[in-house]
Amino acid sequence: FQVGEIIEISAVELVVKTPWPVVSYELAKRLIAGLNEYNISQRRTQAGQEREFVENQVAEARADLRQAEDELVDFADHNTSGTSASYAMRLARFQRRVEIHLAAYKSLVIQHNALAYEKNRGTRVFAVIENIVVPAGSDYRPARGLVIFAFVFGGLVLAVLWTLAAKCGNRSGRGGT
């Protein structure tokens with residue numbers, strides 16, 4: 001395997017060379033597919049965790065908004081002589097609190113909806129921008145056993161990469177929120 005960065009186009013080049021072009025092709029194809037599956041899974045997991053956090057924030061914001069509204073109603077109910085300057089100032093203060101809590105609540109609901117969308121989105125992270133090339137003149141067709149070996153080996157490589165990535169992801173998630 002050779003991996004290189006193409007800075008000009010923000011891309012990664014993957015070169016897989018084995019004595020058998022068909023095996024190289026299949027390994028490259030499976031590696032890209034495995035990386036895509038892993039990245040989609042990670043993005044969904046992260047979006048789900050962020051969404052859960054924002055859900056809690058939405059619940060708190062809703063409770064704060066409700067409390068501010070209740071305080072405004074209580075003030076208005078208990079202060080029926082609404083002609084003094086101090087009454088007008090206090091009423092405006094209660095109304096501002098309601099407006100602030102309402103704005104925070106609306107913002108969190110929008111963020112929550114965006115995260116719900118992101119969790120269900122399955123966009124690929126890796127895309128093949130140039131077709132995989134099997135050199136011309138390579139009419140060699142490996143024996144069936146060799147192809148099966150290549151697929152099993154590719155699966156094992158992906159399983160090891162997946163396990164390592166999952167362990168790294170769990171380790172980095174421990175110190176978070």
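This is a predicted model, so every value here is computed, not measured.
Taking CZ of F94 as the reference point, atom CZ of R90 lies at 6.0 Å (rounded to 0.5 Å). Between atom CD of residue Q95 and atom CZ of residue F75 there is a gap of 9.5 Å, rounded to the nearest 0.5 Å. Interatomic distance, CG of D64 versus CD of Q57, reported as 10.0 Å (0.5 Å rounding). Between atom CG of residue D70 and atom CG of residue D74 there is a gap of 6.5 Å, rounded to the nearest 0.5 Å. Annotation: the span from L108 atom CG to N113 atom CG amounts to 11.0 Å, rounded to 0.5 Å.
Annotation: side chain of Q49 is not in contact with side chain of E52 (no heavy-atom distance under 4.5 Å). Contact check for R62 versus R66: no side-chain heavy atoms found under the 4.5 Å cut-off. In this structure, the side chains of I100 and R97 stay at 4.5 Å or more apart for every pair of heavy atoms. At a threshold of 4.5 Å between non-hydrogen side-chain atoms, the residues V54 and V58 count as touching.
Partners of V73 by side-chain contact (heavy atoms from CB on, under 4.5 Å), not counting sequence neighbours, listed by chain and number: D77. Under the rule for a side-chain contact (heavy atoms from CB on, under 4.5 Å), the partners of Q46 that lie at least two apart in sequence or sit in another chain are E50.
A salt bridge does not link R96 to E99: none of the charged nitrogens lies less than 4.0 Å from a carboxylate oxygen.
More than 12 heavy atoms of other residues, nucleotides or ligands lie within 6.0 Å of CD in E55, so this atom counts as buried by the packing criterion.
Residue T18 comes nearest to S24 through the heavy atom pair OG1-OG, 2.7 Å, listed as atom of the first residue, atom of the second, then distance.
A donor-acceptor pair under 3.5 Å is formed between the side chain of T45 and the backbone N or O of S41.
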